[in-house]
**Student:** 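I'd like to ask some things about the structure below.
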Amino acid sequence: MRIDFNRPFLSGKELEYMQEAVNSYKLSGNGEFTKRCQEFFEKRYGFRKCLLTTSGTDALEMAAILCNVGPGDEVIVPSYTFVSSALAFVRQGADIVWADSLPGHPNIDPDGLEALITPRTRVIVVVHYAGMACDMDRIMDIAESHGILVVEDAAQAVDSFYKGKPLGGIGHLGCFSFHETKNITAGGEGGLLVVNDPSLERRAEIIWEKGTNRAEFFRGMVNKYGWVDTGSSFLPAEINAAFLWAQLENLDTVQRRRLDIWGQYYIGLKTLEERHLVHLPVIPEGATNNAHMFYMVCRSLEERTALTAFLKEAGIQAPFHYLSLHSSAYAKAHSKKGIPDLPHCDRFADCLVRLPLFYTLEDSDVKDVIVHILRFYESR
Ligand SMILES: *Cc1c(COP(=O)(O)O)cnc(C)c1O
């Protein structure tokens, strides 16, 4: 038996749309498929302005440029996240201030935020872990009262909501990823920047197009275009947008199946939680579940190591997830304030394990995974 942790979803239409892009002889960025994908998000979620990017990391880099952070500025970032949530701001010269997770959820703990804010704080980055919303009402209140921008790292949070609002559409800027490990993919790598603050809209488009006002030129708003600002080439090629379009058409189908699998794990493993052997995911108040991930939190690093080894022996890939960024080699080498003590983050780094979850995973495979986990705990 072999059960992979992830396999990208394929709708079957990807090659057809990529061929269509090829036939149009328009292969560079900002073509028909890019526009179609951007409009999909703008219409379906009411997002103000959407720009496809070559990755989630690039969307975060655009966000960091738009927030105008630089040397001397501080950005609050949760330590339990992917490198890019912090790296995008580090590249602009900002100092990162690390925030802890909630005791019972990997998301950022809003209770600790006020203590981290200084006169130099410019941005709070929130990460909706496993596609489940952070406490956005409280975070937006705190940010507003200090005049701080909020960037949502919604890389895992496509089609997920907080009190009826789509994630990625609540902070000043929102960043999605279409990497092959996410619910839907733009052919391996891809992302989306959502600009919610109208004052950042014009500049976002310029940064996206290598610092030029090319987009305005093509809309007939200026009669020639030139270099007006900083930027980079953040646009994906049409081939990738065409791939993504084939996935977006099937988003509801993907989400339904993923939620079904998620529910099977939850029901099948509930007994372990009742016996206090593991913690299962908690859906935060006001949040929805987009079934990006099913995870369990073990009681110790030793137990998690034994469990993942046991599953590996049975051919089941069940990886752990982030290592705390605040204790990474890079953070240690660049920290000005010393390494903070973030016990909740460290517990998730040591004890959290993720289970296989993808569109074509069979019910019988889900059952096998559950049976093996139960067997592991019987044997202890
Ligand atoms: C996947 C992910 C990213 C990076 O996205 P890429 O498309 O791989 O660059 C950033 N933040 C989080 C939380 C992620 O899960």
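Each ligand, and each atom within it, is numbered from 1 in the order the structure gives. What you see below is based on every heavy atom in this structure, not just the backbone, and it leaves out hydrogens, waters and symmetry mates.
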**Student:** Any chance the side chains of Y80 and N107 put a donor and an acceptor closer than 3.5 Å?
**Tutor:** no

**Student:** Distance under 4.0 Å to a non-hydrogen atom of H179: what atoms of ligand 1 satisfy this?
**Tutor:**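 Matching atoms, with element in brackets: 7 (O), 8 (O).
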
**Student:** Ignoring hydrogens, what is the shortest heavy-atom contact between N6 and E180? Give both atom names and the distance.
**Tutor:**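 Taking N6 first and E180 second, the nearest heavy atoms are ND2-O, 3.2 Å.
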
**Student:** Applying a strict under-4.5 Å side-chain criterion to I, L, V, M, F, W and Y, I'd like to know whether M293 and L251 cluster together.
**Tutor:**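 No, no single cluster joins them.
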
**Student:** If you have a sec, work out which protein heavy atom is nearest atom 5 (O) of ligand 1 and how many Å separate them, to one decimal?
**Tutor:** S177 OG, 3.3 Å

**Student:** Hey, is S55 touching ligand 1 through its side chain, its backbone, both or neither, going by heavy atoms under 4.0 Å?
**Tutor:**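 Both backbone and side chain.
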
**Student:** Nearest heavy atom to atom 3 (C) of ligand 1 wins, so pick from Y80, F82, Y322.
**Tutor:**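 Result: the heavy atom closest to atom 3 (C) of ligand 1 is in F82.
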
**Student:** Using a strict 4.0 Å cut-off to heavy atoms of V127, name the atoms of ligand 1 that fall inside it.
**Tutor:** 13 (C)

**Student:** Should the ring pair F294 and W262 be called parallel, tilted or perpendicular, given that the plane angle runs from 0 to 90° and is split at 30 and 60?
**Tutor:**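 The arrangement is perpendicular - the two ring planes meet at more than 60°.
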
**Student:** Tell me the protein heavy atom at minimum distance from atom 15 (O) of ligand 1, and give that distance in Å.
**Tutor:**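 Residue, atom and distance for the closest contact: Q156 NE2, 2.9 Å.
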
**Student:** Go through ligand 1 atom by atom and flag the ones less than 4.0 Å from a non-hydrogen atom of G190.
**Tutor:**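 With G190 as reference, the close atoms of ligand 1 come out as 7 (O).
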
**Student:** For atom 13 (C) of ligand 1, which of V125, L192, D153 has the closest heavy atom?
**Tutor:**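 Looking at heavy atoms only, D153 sits closest to atom 13 (C) of ligand 1.
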
**Student:** Looking only at protein heavy atoms, which one is nearest to atom 9 (O) of ligand 1, and what is the separation?
**Tutor:**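 The protein heavy atom lying closest is T57 OG1, 2.5 Å.
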
**Student:** Tell me the protein heavy atom at minimum distance from atom 14 (C) of ligand 1, and give that distance in Å.
**Tutor:**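 Here the nearest protein heavy atom works out to A155 CB, 3.3 Å.
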
**Student:** Side chains of E32 and S24: is there a donor and an acceptor less than 3.5 Å apart?
**Tutor:** no

**Student:** Would you please indicate yes or no on a ring centroid separation below 6.0 angstrom for H321 and Y129?
**Tutor:**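 Here the rings of H321 and Y129 have centres that are less than 6.0 Å from each other.
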
**Student:** Less than 3.5 Å apart, any donor N or O on the side chain of E249 or Y17 sitting next to an acceptor on the other?
**Tutor:** yes

**Student:** Between R203 and D197, is there a salt bridge with N-O shorter than 4.0 Å?
**Tutor:** no

**Student:** If the contact criterion is a heavy-atom separation under 4.0 Å, does K182 count as touching ligand 1?
**Tutor:** yes

